Amino acid sequence: MACRDMGKCENAARDIRGKTLNHNVFARHLDLASSKSIKEFAKTIINEEERVDVLINNAAVMRCPHWKTEDNFEMQFGVNHLGHFLLTNLLLEKMKRSENSRIINVSSLAHIAGDIDFDDLNWEKKKYNTKAAYCQSKLANVLFTNELAKRLQGTKLTANSLHPGVADTELGRHTGMHQSAFSSTILAPLFWFLVKSPKQAAQPSVYLAVAENLQGVSGKYFNALKEKEPAPQALDEESARKLWEESAKLVHLEEALTECKAL
């Protein structure tokens with residue numbers, strides 16, 4: 001379990017160990033807003049773990065203020081896309097050595113409203129729009145998955161993306177749902193009627209990770225447990241290729257790969 005908040009991570013790991021009686025559950029620090037942290041984590045996994053069978057990229061920041069990552073990326077694009085992009089690429093060679101490994105990228109239905117602004121990926125030129133920034137990052141998740149699947153053709157490693165549904169977690173803490181009387185009294189009851197528990201929202205990720213019928217399935221988008229067609233802009237192969245190239249430049253991928261090679 002790779003988490004930024006080690007207190008919560010240790011508590012969750014302890015809970016899982018207790019409920020499953022599986023003591024091979026470990027908490028490791030990983031801050032996706034820091035390329036330094038990502039590389040340190042990747043080095044640990046590469047050098048200490050025999051294999052990596054499944055990677056679930058689940059971290060997200062949603063509609064936060066105009067914050068920057070440690071590397072000066074817009075927070076939502078930096079964490080939701082670039083952090084996962086770097087981590088995944090650093091672990092690819094390790095995963096290729098396992099049989100039928102799987103990469104699952106947790107996107108969102110919000111990708112439908114997304115647009116990739118290649119002239120200003122990090123919101124340095126235009127007025128910041130936290131909702132648009134989130135939607136851009138979620139579209140980037142799907143485009144990254146599709147390009148990754150394309151590059152993995154001929155291997156036994158697959159990559160798919162998904163929308164987990166609306167989960168009752170702290171992800172929406174910046175959305176202001178309860179900041180007005182209207183939201184609290186009218187919208188909140190409707191929202192909670194549709195919301196899933198964290199356990200329910202995790203089921204699509206678990207399904208994509210272990211379902212035998214999905215062996216070899218790659219480059220697909222799932223809404224809950226069903227394969228769906230993503231938004232048209234998520235199927236643009238040129239955008240996917242360009243996003244990969246721009247992301248690789250931003251995170252200095254070649255240098256990071258050299259730095260993280262197995263010792």
Side-chain angles (χ1 to χ4, degrees), residues 1-3 12-13 15-16 19-20 22 25 32 52-63 79-81 83-85 87-88 91 95 98-114 134-153 155-172 175 189-237 240:
M1 298 173 60
C3 303
D15 185 53
I16 293 170
K19 290 180 177 178
T20 64
N22 177 4
V25 180
L32 287 169
V52 177
D53 296 296
V54 178
L55 173 63
I56 300 177
N57 289 317
N58 180 66
V61 182
M62 180 181 180
R63 297 179 66 174
V79 170
N80 300 356
H81 170 60
H84 290 130
F85 175 85
L87 174 64
T88 302
L91 296 180
M95 296 193 74
S98 300
E99 284 293 317
N100 302 311
S101 296
R102 302 182 184 188
I103 297 167
I104 295 104
N105 293 323
V106 179
S107 180
S108 166
L109 195 61
H111 85 275
I112 292 174
Y134 178 70
C135 293
Q136 174 182 251
S137 73
K138 293 290 100 180
L139 174 58
N141 291 152
V142 184
L143 288 169
F144 165 47
T145 304
N146 295 347
E147 179 66 14
L148 177 59
K150 186 176 180 181
R151 291 170 180 249
L152 290 173
Q153 288 177 359
T155 73
K156 292 185 177 181
L157 177 54
T158 62
N160 293 291
S161 59
L162 64 90
H163 166 59
V166 180
D168 179 16
T169 67
E170 295 181 7
L171 178 63
T175 60
L190 296 174
F191 176 80
W192 293 119
F193 178 74
L194 298 172
V195 78
K196 296 180 178 180
S197 69
K199 183 176 180 179
Q200 290 171 325
Q203 296 314 300
S205 294
V206 174
Y207 174 66
L208 264 63
V210 303
E212 293 183 3
N213 61 300
L214 294 182
Q215 184 170 317
V217 174
S218 193
K220 302 300 182 182
Y221 172 78
F222 290 77
N223 187 331
L225 304 182
K226 295 182 179 180
E227 182 183 330
K228 298 284 187 179
E229 188 90 345
Q233 64 268 35
L235 298 173
D236 188 319
E237 293 185 6

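Note that this is a predicted model, so its numbers are computed, not measured.
Nearest heavy atom pair, residue Pro204 against residue Ala224, reads CB-O, 3.3 Å. What you find for Leu152 and Ala159 is that their closest heavy atoms are CD1-CB, 4.5 Å. Contact between Pro164 and Ala201 at its shortest, heavy atoms only, is CB-O, 3.5 Å. The nearest pair of heavy atoms linking Ser197 to Gln200 is N-OE1, 2.9 Å. Nearest heavy-atom pair across Ala209 and Val54 is CB-CG1, 3.8 Å. The two atoms that bring Val142 and Ala234 nearest to each other are CG1-CB, 3.7 Å, heavy atoms only.
Judged by distance alone, with hydrogens and angles left aside, the side-chain atoms of Ser137 form a donor-acceptor pair with the main-chain N or O of Tyr134 at under 3.5 Å. Using modelled atom types, one side-chain atom of Ser107 and one backbone atom of Lys138 make a donor-acceptor pair closer than 3.5 Å. Although no hydrogens or angles enter the test, the distance criterion places no donor-acceptor pair under 3.5 Å between the side chain of Ser161 and the main chain of Phe222. Looking at His84, its side chain never comes within 3.5 Å of a backbone N or O of His81 through a donor-acceptor pair. Checked by atom type and distance alone, the side chain of Gln203 pairs as donor or acceptor with a backbone atom of Lys199 at under 3.5 Å. At distances below 3.5 Å, not a single donor-acceptor pair connects side-chain atoms of Gln215 with backbone N or O atoms of Asn100. The backbone N or O of His111 sits nowhere less than 3.5 Å from a side-chain atom of Ser108 that would complete a donor-acceptor pair.
Put simply, CG on Leu157 and CD on Glu99 are 11.5 Å apart, with the number rounded to the nearest 0.5 Å. For the atom pair Asn213 CG and Tyr207 OH, the distance stands at 4.0 Å (nearest 0.5 Å). Atom CG of residue Asn105 and atom CG of residue Leu148 lie 7.0 Å apart, to the nearest 0.5 angstrom. Here Leu55 contributes atom CG and Arg102 contributes atom CZ; the two are 13.5 Å apart, rounded to the nearest 0.5 Å. In this structure, NZ on Lys220 lies 9.0 Å from CG on Asn146, to the nearest 0.5 angstrom. The line from CD of Glu227 to CG of Leu225 is 12.5 Å long, rounded to the nearest 0.5 Å.
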Does the side chain to side chain contact (heavy atoms under 4.5 Å, CB included) test come out yes or no for Phe144 and Ile103, once each step is laid out? CA-CA 11 Å; Phe144 165 47; Ile103 297 167; 5.9 Å; no

Test side chain to side chain contact (heavy atoms under 4.5 Å, CB included) applied to Asp236 and Gln233, step by step: CA-CA 5 Å; Asp236 188 319; Gln233 64 268 35; 5.6 Å; no

The test is side chain to side chain donor-acceptor pair (under 3.5 Å); show your working for Ser218 and Asn160 and say whether it passes. CA-CA 6 Å; Ser218 193; Asn160 293 291; 5.1 Å; no

Kindly indicate, with the supporting measurements, whether the criterion side chain to side chain contact (heavy atoms under 4.5 Å, CB included) is fulfilled by Met1 and Ile16. CA-CA 11 Å; Met1 298 173 60; Ile16 293 170; 3.8 Å; yes

Please determine whether side chain to side chain contact (heavy atoms under 4.5 Å, CB included) holds for the pair Ile104 and Leu162, giving the CA-CA distance in whole Å, both sets of side-chain angles, and the decisive distance to 0.1 Å. CA-CA 8 Å; Ile104 295 104; Leu162 64 90; 3.4 Å; yes

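Under the salt bridge (charged side-chain N to carboxylate O under 4.0 Å, His left out) criterion, Lys228 pairs with no residue, sequence neighbours left out.
Annotation for Glu237: atom CD does not count as buried by contact number, only 12 or fewer foreign heavy atoms lying within 6.0 Å.
For the pair Glu229/Leu235, a side-chain contact is recorded, criterion being any heavy-atom separation below 4.5 Å from C-beta on.
When Thr158, Val106, Leu214 are each tested for a side-chain contact (heavy atoms from CB on, under 4.5 Å) with Leu208, only one passes: Leu214.
Side-chain atoms of Lys226 and Asn223 include no donor-acceptor pair closer than 3.5 Å.
Aromatic rings from Tyr221 and His163 are positioned such that their centres are separated by 6.0 Å or more.
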